[in-house]
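All of these numbers come straight from a predicted model, not from anything done at the bench.
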Amino acid sequence: MSLEAELDALAQRLLHGPSAAAETQARALRQRWPRSAEAARLHGVALLLMQRDDDAVQALRAATQLAPQHFAAWLNLASALLAAGDVADAAQALDAALKLDPAHPAALNQLGSLRRAQGDLAAAARAYAQAFAQTRDPGSALNLAAAELEQGDVAQAEQRVLAVLQDPQAPQADTALLLAQARAARRDWAAAEAASRAGLAHAPADVRLLLQAGLMAEEQQHIERAVATYRAALAQAPDDVRIAAQLQFAERQCCAWRAVDARSAWLRAQLAAGTPGIAPFAFLAEAATPAEQRHCAGIAARTLAAKLPATEPPPAPRAAAAALRVGLVSAGFHQHATALLATPLLEALARDPALHLHLYALSADDASPWRARLAACAPLLDASAMPTAQLAQRIRSDAIDVLLDLDVWCGGGRPELFARRPAPLQVNWLGYPGSAGTPWHDYLIADAFVVPAAQRAHYSECMARLPRCYQPIDAARTPIAPPPRAALGLPARGAVFASFGQGYKLAPQRFASYMDILRAVPGSVLWLLQGLGDSDLRLRAAAVQAGIDPARLVFAARRAHADYLGLFRHADLVLDTHPYNAHTSASDALHAGCPVLTCPGATFAARVAGSLNHHLGMTECNARDEADFIARAVALGRDAGARIALRERLAQQRAHTALFDSSGYARDFAALLHAMHARAAHGLAPADLGAGAQ
């Protein structure tokens, strides 16, 4: 067979997608015809299809050296360099291709991809539009729609994708995925899931569509469907860290524990190897060290930064002014735990003439009382549909001095906004209990208990420590009296142990301790909130396996916040979760008069309940280790008098300690913000501030 015939056969084989056989054939062809630029090019394409980007670059460089006028070789080299993350060299290769054929649609599409990688979405859209105008090719239309979507033109992108769907030549999987992403951008989770599943009808093994469908099911809290979809995706790509991590968190949410311990060990090994794909927030639920959590966040930060354009330097700090301009960005400015904690504080800060607050809501207006209160206390911008670049520019134009990130890596947050450095000082506070791991968060507002000196090195930010618990508490709330015990399914007599945290916080190891406690305290029950999916059934099955009557697990229906607070009047003791503590629900319990037993760990997330107890002067509720945790719970469970005495002591401490002093918290918080700005205004770099600063 002639060289031309062999090259043609190989090219036809590559049209059917990646395969090891095609790469082997191409390599053999190059060995027989070492001076053939086309053989080297096709070998590079085969390697690129197999995602062996660095090897593809070598083969394609060889092709361009053998034939400097080979347009396709330069174009493929640009693709390989872009895939390898080498944007600068990709630009040079693409420039060489464009010099050979400046109007070629494939080159224009590649130019769009390059501009997109550089963050110039407007230029990317122009290049894609030129390519589409020449060919009316559905691939160019999808590229253009993707750029429009990233620019925030969601409606236009969705309409363009719907038009592509009518083209029988359109790549069905790619089109369905982009339609799902457009619908997700306008938070229509059900329609986004439907688009993903429509695509799966054409490509049932497409991992991208499976993952997207799972994410959308999870957004709708259809957790069992999400788990099944993630499992199907992982079966197709068993080494995909992102899918495994997403499945891990979903299974924790519905207490499907069969594989979580083994998968946790695998994920931690992947993290140690530097593999990206593990969401930092979900990783907080794993039995990890503060160093591992920072490493996880750092990988996520570097992965994000590599995809963003070169950013402007942060604005210069303003000189001291009459009022400090403070911005707060959150996806929780609605009926959400963040608003529950932050609203009373922000109302107090808004009355301070030395502060000027600006609120930037990443979630849409839900017409809740919380949203109304926030909008009444400070200017509130609904930025839920605003493109990130536009929001960053708005924050710059508002001349914010200190910008607080209440989400960081939490769902709904926009870490890419803070990566653009729209403010001179940027602060991690409240929503994400751990190190942001980024170079664009200057401070973390904490306290000396949640971040003790021994763990300081595992936080990338400078510490801004409050002289009290970092978590604000609204002391003005009034619980509604609960129904009688019997109406709630609780026994008339016997100790009621409560654990009202979300499912992902309830690790199987701590649940085993709960069962040990029930076994040792006759007549006691464990009171939990109803969970997602089949979690309640799974927990009852786990109780049976531990030799405990499943009827001793009582599940409370979810209810309005004031009604939920009232439930704590029937709880004798909250048993904390570990390694991710109860946070808002722990302060809820203490506010409602119910003690919280915890076992502080090493991480921020594992020390919040301990910090609440510490600042409340209730250190007897901070156990030394798991055995001590069980022993203290059993002792209290067996002694009704001791439980009553502990509640009475909590009531006294509530009245005489600073934990529930909202106005004092506001003063201390404002003082920290002013201290941060004062350093910056004097040309000083961020440094540890507040209690425990070195």
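Relative to the ring axis of Tyr459, Arg294 does not place its NZ or CZ within 45° and under 6.0 Å from the centre. For the pair Arg510 and Phe629, the distance from NZ or CZ to the six-membered ring centre is under 6.0 Å and the angle to the ring normal is within 45 degrees.
Heavy atoms of other residues, nucleotides or ligands lying less than 6.0 angstrom from CD of Gln221 number 12 at most. By the 6.0 Å contact criterion, CZ on Arg558 is enclosed, its count of non-hydrogen atoms from other residues, nucleotides or ligands being greater than 12.
Annotation: Trp527 is in aromatic contact with Phe500 [ring centroid separation under 6.0 Å]. Between Trp257 and Phe511, the distance from one ring center to the other falls under 6.0 angstrom.
In this model, no donor atom of one side chain and acceptor atom of the other lie less than 3.5 Å apart for Gln253 and Ser535. Side-chain contact annotation: His441 with Asp405, donor-acceptor N/O pair under 3.5 Å present. Ser499 and Tyr514 share a donor-acceptor pair across their side chains, judged by distance under 3.5 Å alone. The closest side-chain donor-acceptor pair between Asp239 and Gln270, if any, does not fall under 3.5 angstrom.
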What do the steps show when you test Arg632 against Asp628 for salt bridge (Lys or Arg N to Asp or Glu O under 4.0 Å), and what is the final call?
CA-CA 6 Å; Arg632 293 189 191 208; Asp628 188 40; 2.8 Å; yes

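Between Glu286 and Arg252 there is a salt bridge, since a side-chain N of the basic residue sits under 4.0 Å from a carboxylate O of the acidic one. A salt bridge is absent between Arg187 and Glu219; no separation between the charged side-chain nitrogens and carboxylate oxygens falls under 4.0 Å. A salt bridge does not link Asp549 with Arg552: every distance from a Lys NZ or Arg NE/NH1/NH2 to an Asp or Glu carboxylate oxygen is 4.0 Å or more.
Distance CG/Leu528 to CZ/Arg540: 9.5 Å, rounded to 0.5 Å.
Ring planes of Tyr580 and Phe281: perpendicular class, angle over 60° (limits at 30 and 60°).
Looking at Cys469 and Phe449, their side chains never come closer than 4.5 Å, going by heavy atoms from C-beta outward.
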